[in-house]
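Some notes on the structure that comes next.
Just so we're on the same page: letters track the sequence lines, and every chain starts at 1. The structure presented is a predicted model; accordingly, all values stated were derived computationally and were not measured.
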Amino acid sequence: MTPALVCERLVKRYGDKTVVDRVGFHIDEGEAYGLLGPNGAGKTTTISMLVGLLRPDEGSVRVGGIDVDEDPVAAKRLIGYVPQEIALYPELTARENLRYFGRLHGLPRRELASRIGEVLDLVGLSGRGDDKVGTYSGGMKRRTNIAVALLHRPRLLILDEPTVGVDPQSRVAILDRVEALVGEGMSLLYTSHYMEEVERVCTRVGIIDQGRVVADGSKRELVAELGGTDRVELTLDGDVTAAAEKLRTVEGVSEAVVTGSSSIRLLVAGGRHLLPALLSAVGDTGAVTGVEVVEPDLEAAFLHLTGSTLRD
Amino acid sequence: MRPRPVTALVLANLKRQLRDKVGMFFIVVMPFVTIVFVGMALGGDAADAKLPVAVVADTSDPVSAAVVAELESDKALDVRRAQSAEEVRDDVRQGDLAAGLIVTPGDTSLELVMTQTSGSGMAARSAVDVAVGRVAAVLEATRAARAAGASPQQADSYVSKAKEESVAVTVASSGGDEPSRPTGFAYTAPANLLLFTFVNSMAVAAALVESRRIGMVRRSLAAPVRRGQVLLGEALSRFAVALAQSLLIIVASRVLFDVRWGDPLGVGVVVALFCLIATGAAMLVGALVRSPQQAPAIGPPVGIVLGMLGGCLWPREVAGETLSTIGYLFPHSWAMDALLTLSRPSTGLGSVLVEAGVLAGMAVVVLGVALVVFQRRALVAV
């Protein structure tokens with residue numbers, strides 16, 4: 001079967017700066033793929049090239065076998081794109097916004113009317129469809145943002161940070177809906193700052209850092225790259241920067257990243273056995289108030305691969 | 001090119017515009033408030049209202065009597081007799097008179113009393129200039145006939161005959177008894193059409209900036225449409241608003257104030273060209289400014305200054321020759337000249353070909369630059 005998305009050696013440069021450097025991955029039909037990376041890693045630029053908003057300097061993108069550069073209109077018909085921002089007219093109702101995008105997609109009038117009803121129902125807004133979007137809560141806007149992308153029954157759904165700024169309840173509702181769509185066979189590209197969302201929704205993950213895909217595989221494959229490495233979360237009262245400096249000198253510590261005013265995240269080979277050495281290394285830089293050793297997970301894999309936490 | 005995405009964009013933008021209460025106030029209500037108030041200041045409440053002019057003159061003096069007779073023959077003027085120069089000055093100052101003329105027997109210079117900022121005063125001045133010029137021409141012709149050896153009776157006879165022929169020629173060439181310059185609503189309606197169409201076009205550019213800011217332009221481009229369709233849809237939205245406002249002013253001023261706009265084809269062409277220029281200006285503002293608040297902060301002041309230079313706030317003569325000449329660098333002056341010309345009888349598109357040509361050239365340049373800038377700045381993602 002033709003993959004839902006294939007991108008090969010994508011390159012985008014702005015002047016001397018290469019913001020996307022030979023990025024390549026594919027998404028099989030019905031597969032959910034997560035693209036993880038810190039801010040400025042090149043995720044949004046990559047997505048802009050995938051949806052035909054930006055022309056790559058090198059490389060190619062095929063959606064459902066159609067080259068985006070050769071036939072952008074046909075390729076874009078197969079994509080449902082949910083941007084990071086709430087791209088809706090606040091002065092119009094949800095129904096009017098959906099009608100606008102449905103017309104852009106060329107949906108026939110009768111089909112459009114029934115599809116608007118369906119997607120509003122799908123995102124739980126059928127009772128508020130005639131209210132102006134400007135009067136909605138953040139969560140309702142996010143759900144409408146997603147509804148727009150589902151209107152034309154896309155083959156590939158691209159969600160760029162779809163839960164930014166929403167309350168926990170709405171986040172759960174959005175994730176439930178996305179999971180259900182994947183369960184129905186829709187292909188998905190999902191980017192998020194929230195590791196747990198990607199872990200929950202996606203079967204395969206690509207990690208992008210400084211414009212390059214540094215790892216690509218299933219969660220299990222990525223975690224396996226850590227070997228016997230554990231993640232250690234350490235909290236202390238004192239100078240965390242100085243403490244992190246000292247912790248990096250301990251043998252077996254591969255990463256020590258300050259994650260807050262009193263917290264440090266470490267990647268440690270055989271974490272539990274090394275705890276006495278870690279506590280000793282902190283020494284007079286502060287008083288340790290908490291230690292947590294976490295089994296290898298995607299968060300640890302990300303730290304291992306990029307040297308930074310996802311929200312850096 | 002499929003038209004549906006373009007109409008979808010235009011419909012969505014028009015709906016947004018209709019829901020903007022402040023914007024609709026400036027598009028629908030404000031122009032008429034201005035037309036009424038400025039129209040009354042510029043010569044009364046009817047398109048054919050006469051300009052009140054007072055004259056202080058001793059009519060036993062033949063020259064003074066001739067000037068008064070000439071003024072009274074002008075159907076655009078309501079000529080009154082005043083007892084003293086002071087009375088005239090007071091009435092002009094208070095706005096009861098458009099202008100006053102003080103004729104001193106035996107003195108070759110006449111004193112015209114008017115306020116420099118009064119449009120009706122400027123209009124009256126034109127009529128007084130014409131009347132005085134005619135009397136001066138008669139005197140000069142009589143003097144020339146006498147110098148050529150004619151007797152006083154013969155000289156009077158020759159000049160009377162020449163004057164009759166001159167009047168006949170004048171009547172034929174002017175095409176009727178209309179005043180030489182439209183006054184009142186006949187002036188303020190086209191002036192405010194141009195002023196508000198341009199100012200509001202610049203102000204509604206805020207919606208365009210907002211579309212860019214919230215990512216609507218970007219998301220629309222991610223739909224299966226071409227860039228040209230989005231560009232055309234955005235431009236047509238602005239053009240439709242400008243054209244709708246112009247049509248509203250034309251129809252309402254015709255119905256409410258009996259403003260005669262003239263040849264529909266000529267007016268349609270001039271207004272459409274001006275709306276294209278306003279659309280270009282709106283697209284340019286929409287592409288260049290960063291926040292929706294900047295568009296109404298920048299656009300209207302620029303539109304008002306151009307309106308001042310173009311004679312939309314007061315007749316251009318008031319601003320003086322230099323500013324009037326500068327005004328021709330901008331579309332308002334050309335469109336104003338064209339609309340005032342078309343408001344006169346027996347005129348049509350052929351009478352304003354130069355103005356229409358200049359406006360067409362400006363439309364091509366402004367719209368062309370705007371579309372290129374908009375495409376480069378607003379339609380490029382990330």
Side-chain angles (χ1 to χ4, degrees), chain A residues 12 14 19-20 42-55 66 68 71-93 96-109 112 132-134 141 145 148-149 151-152 154 158 160, chain B residues 1-24 204 206-234 236-237 241 286 290-293 375-382:
Chain A
K12 189 68 196 173
Y14 291 112
V19 292
V20 173
K43 295 190 300 290
T44 301
T45 306
T46 300
I47 287 179
S48 294
M49 290 188 278
L50 302 183
V51 299
L53 288 172
L54 206 57
R55 180 169 280 182
I66 300 169
V68 173
D71 193 350
V73 172
K76 286 191 282 187
R77 261 187 240 290
L78 305 178
I79 300 172
Y81 169 52
V82 181
Q84 209 174 107
E85 63 271 22
I86 306 285
L88 300 165
Y89 288 128
E91 311 90 339
L92 303 188
T93 67
E96 288 166 339
N97 270 289
L98 289 164
R99 196 173 296 131
Y100 165 67
F101 283 105
R103 284 173 174 154
L104 289 191
H105 280 275
L107 293 181
R109 189 185 298 260
L112 177 57
K132 287 181 190 168
V133 168
K141 286 176 185 170
N145 217 26
V148 167
L151 201 55
H152 59 293
I158 297 178
D160 191 3
Chain B
M1 192 184 276
R2 275 191 310 139
R4 204 153 177 236
V6 179
T7 53
L9 198 45
V10 172
L11 287 174
N13 277 325
L14 292 182
K15 210 169 271 182
R16 294 170 71 203
Q17 183 63 55
L18 286 171
R19 293 193 182 154
D20 176 6
K21 291 188 178 75
V22 175
M24 290 310 289
V204 299
L208 192 54
V209 184
E210 180 70 358
S211 293
R212 280 176 49 211
R213 192 188 66 80
I214 64 175
M216 277 304 278
V217 173
R218 189 175 139 84
R219 190 172 199 177
S220 299
L221 286 168
V225 298
R226 299 193 180 282
R227 274 166 204 273
Q229 289 174 313
V230 174
L231 193 61
L232 185 62
E234 292 291 359
L236 271 181
S237 303
V241 172
R290 287 175 192 274
S291 79
Q293 290 75 28
Q375 188 157 13
R376 284 194 181 160
R377 288 181 64 105
L379 298 190
V380 174
V382 187

Check your understanding: Hey, does the side chain of B:Arg4 reach the backbone of A:Leu107 with a donor-acceptor pair shorter than 3.5 angstrom?
Key -> yes
Point to revise | Contacting moiety of A:Ala74, where chain B heavy atoms sit under 4.5 Å | key: neither
Study note, to complete from the structure: Scanning both residues in full, the closest heavy-atom pair of A:Glu85 with B:Gly215 reads OE2-CA, 3.6 Å
Check your understanding: When rounded to the nearest 0.5 angstrom, what distance separates CG in B:Leu11 from CZ in A:Arg99?
Key -> 10.0 Å
Point to revise | Segment of A:Lys132 engaging chain B (4.5 angstrom heavy-atom cut-off) | key: side chain
Check your understanding: chain A heavy atoms under 4.5 Å from B:Leu9: which part of the residue, side chain, backbone, both or neither?
Key -> both
Point to revise | B:Arg219 and its side-chain contact (heavy atoms from CB on, under 4.5 Å) partner, picked from A:Val148, A:Val51, A:Leu104 | key: A:Val148
Practice item. Measure distances from A:Tyr100 to the heavy atoms of chain B and classify the residue's part below 4.5 Å as side chain, backbone, both or neither. Key: both
Check your understanding: Would a distance-only check, ignoring hydrogens and angles, find a side-chain to backbone donor-acceptor pair under 3.5 Å from B:Arg19 to A:Glu91?
Key -> yes
Study note, to complete from the structure: Closest non-hydrogen atoms of A:Arg103 and B:Ala8, given as atom of the first, atom of the second and distance, are CB-CB, 3.5 Å
Study note, to complete from the structure: If you tally heavy-atom pairs under 4.5 Å between each of A:Ile79, A:Leu92, A:Asn97 and chain B, the highest tally belongs to A:Leu92
Check your understanding: Shortest non-hydrogen contact from B:Ala12 to A:Tyr89?
Key -> CB-CE1, 4.0 Å
**Study point:** Nearest heavy atoms of A:Tyr81 and B:Ala222, plus distance in Å
**Key:** CD2-CB, 3.5 Å
Practice item. Name the region of A:Asp71, side chain, backbone, both or neither, that has any atom closer than 4.5 Å to a heavy atom of chain B. Key: neither
Review point. What is the distance from atom CG of B:Leu221 to atom NZ of A:Lys76, rounded to the nearest 0.5 Å?
Key: 6.5 Å
Exercise for review: Measure distances from A:Ile86 to the heavy atoms of chain B and classify the residue's part below 4.5 Å as side chain, backbone, both or neither.
Suggested key: backbone
Exercise for review: Heavy-atom distances under 4.5 Å only: say whether A:Leu88 touches chain B with side chain, backbone, both or neither.
Suggested key: both
